[in-house]
Amino acid sequence: MAVEIDSIRSVPLFSELAPDELGKIAGMFERRNVTAGTRLTVEGAPGYSFFVIEHGTMDVEHSGQLLETLGPGDFFGEMAIVSGERRSATVTATTEAGVLMLFGTEFRQLERDWPGIVEKITAKIAERNARLAGG
Ligand code: CMP
């Protein structure tokens, strides 16, 4: 399913981009609708995609422990792509949900052409790590 520019524009991560950039990014994403209970990432498995939540909620779990609940505008799945390691957590839809998906190869293109976006993503990883370190 093609992704419209308006859908990309409403994602906070991409809100500062110019219209032509939004168009390019829209062309890189695919939309996926999932039912409650669908696992988008599985802890310990290899992972090749990055996700942005359009609607619905997702639980992030590590070793069976709930780390965080994510909702519209939140993104996940960046760690395996950035680090090349396996999925650090299992992310499960807790409601019917819609996500925008990007494969690793397109993520590299994002890194190359829009370093500002990737900076926002890495800042989020650092923020999350600091929060975890602080308890
Ligand atoms: P990745 O490791 O690729 O797949 C699981 C995803 O869960 C991970 O990327 C992050 O996007 C997300 N994630 C991991 N740990 C946390 C956390 N503590 N809080 C929120 N999201 C997390």
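When a ligand or atom number is given, it counts from 1 through the structure's own listing order. When a residue number appears, it is its place in the shown sequence, counting from 1.
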Under 4.0 Å from any heavy atom of [X], which atoms of ligand 1 are there?
X: Val91; answer: 7 (O)
X: Glu68; answer: 19 (N), 20 (C)
X: Leu67; answer: 15 (N), 16 (C), 17 (C), 18 (N)
X: Phe76; answer: 11 (O)
X: Ala80; answer: 1 (P), 2 (O), 3 (O)

Checklist entry - So, is Arg131 polar-close to ligand 1, with some N/O to N/O distance under 3.5 Å? => result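 Between Arg131 and ligand 1 (N or O atoms, distance only) the closest approach is not under 3.5 Å.
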Checklist entry - Looking at ligand 1, does any of its N/O atoms fall within less than 3.5 Å of an N/O of Val60? => result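 No.
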Checklist entry - So which heavy atom on Arg128 is nearest to which on Phe75, and how close? => result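 For Arg128 and Phe75, the tightest heavy-atom pair comes out as NH2-O, 4.3 Å.
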Checklist entry - What are the two closest heavy atoms between Ile5 and Gly23, and how far apart are they? => result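 Shortest heavy-atom contact: CD1-CA, 3.6 Å.
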Checklist entry - Which option, Glu78, Glu61, Arg87, owns the non-hydrogen atom nearest atom 11 (O) of ligand 1? => result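 Residue with the shortest heavy-atom distance to the ligand atom: Glu78.
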Item to check | Heavy-atom nearest option to atom 2 (O) of ligand 1, drawn from Ser88, Gly77, Gly44 | outcome: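 Closest candidate by heavy-atom distance is Ser88.
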Next on the checklist: Using the rule given for side chain to side chain contact (heavy atoms under 4.5 Å, CB included), can you reason through Glu21 versus Trp114, listing the C-alpha separation, both sets of side-chain angles and the distance that settles it, and then say yes or no?
Outcome noted: CA-CA 9 Å; Glu21 295 178 307; Trp114 292 280; 3.1 Å; yes
Checklist entry - Where is the nearest protein heavy atom to atom 17 (C) of ligand 1: which residue, which atom, and how far? => result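 Closest protein heavy atom to atom 17 (C) of ligand 1: Arg128 CD, 3.2 Å.
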Checklist entry - Which protein heavy atom lies closest to atom 5 (C) of ligand 1, and at what distance to 0.1 Å? => result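 Nearest neighbour among protein heavy atoms for atom 5 (C) of ligand 1, to 0.1 Å: Ala89 O, 3.4 Å.
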Item to check | Side chain, backbone, both or neither: the part of Thr90 lying under 4.0 Å from ligand 1 by heavy atom | outcome: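 Neither part.
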Checklist entry - Under 4.0 Å from ligand 1, counting heavy atoms only, is it the side chain of His62, its backbone, both or neither? => result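 Neither part.
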Checklist entry - Is Ser83 reaching over with its side chain to a backbone N or O of Met79, donor-acceptor style, under 3.5 angstrom? => result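 Here the side-chain-to-backbone pair exists.
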Item to check | Ion pair check, Lys124 and Glu119, cut-off under 4.0 Å | outcome: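 Glu119 and Lys124: not salt-bridged.
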Checklist entry - Is the distance between the ring centroids of Tyr48 and Phe103 less than 6.0 Å? => result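 Not under 6.0 Å, so no.
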Next on the checklist: Can you classify the ring geometry of Phe51 versus Phe76 as parallel (below 30°), tilted (30 to 60°) or perpendicular (above 60°)?
Outcome noted: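 Ring orientation of Phe51 relative to Phe76: parallel.
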Item to check | Asp59 versus Thr94, side-chain donor and acceptor atoms under 3.5 Å | outcome: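 Side-chain D/A pair, Thr94 to Asp59: absent.
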Next on the checklist: If the test is side chain to side chain contact (heavy atoms under 4.5 Å, CB included), which one of Ile121, Val118, Thr122 qualifies with Glu111?
Outcome noted: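 The option that passes is Val118.
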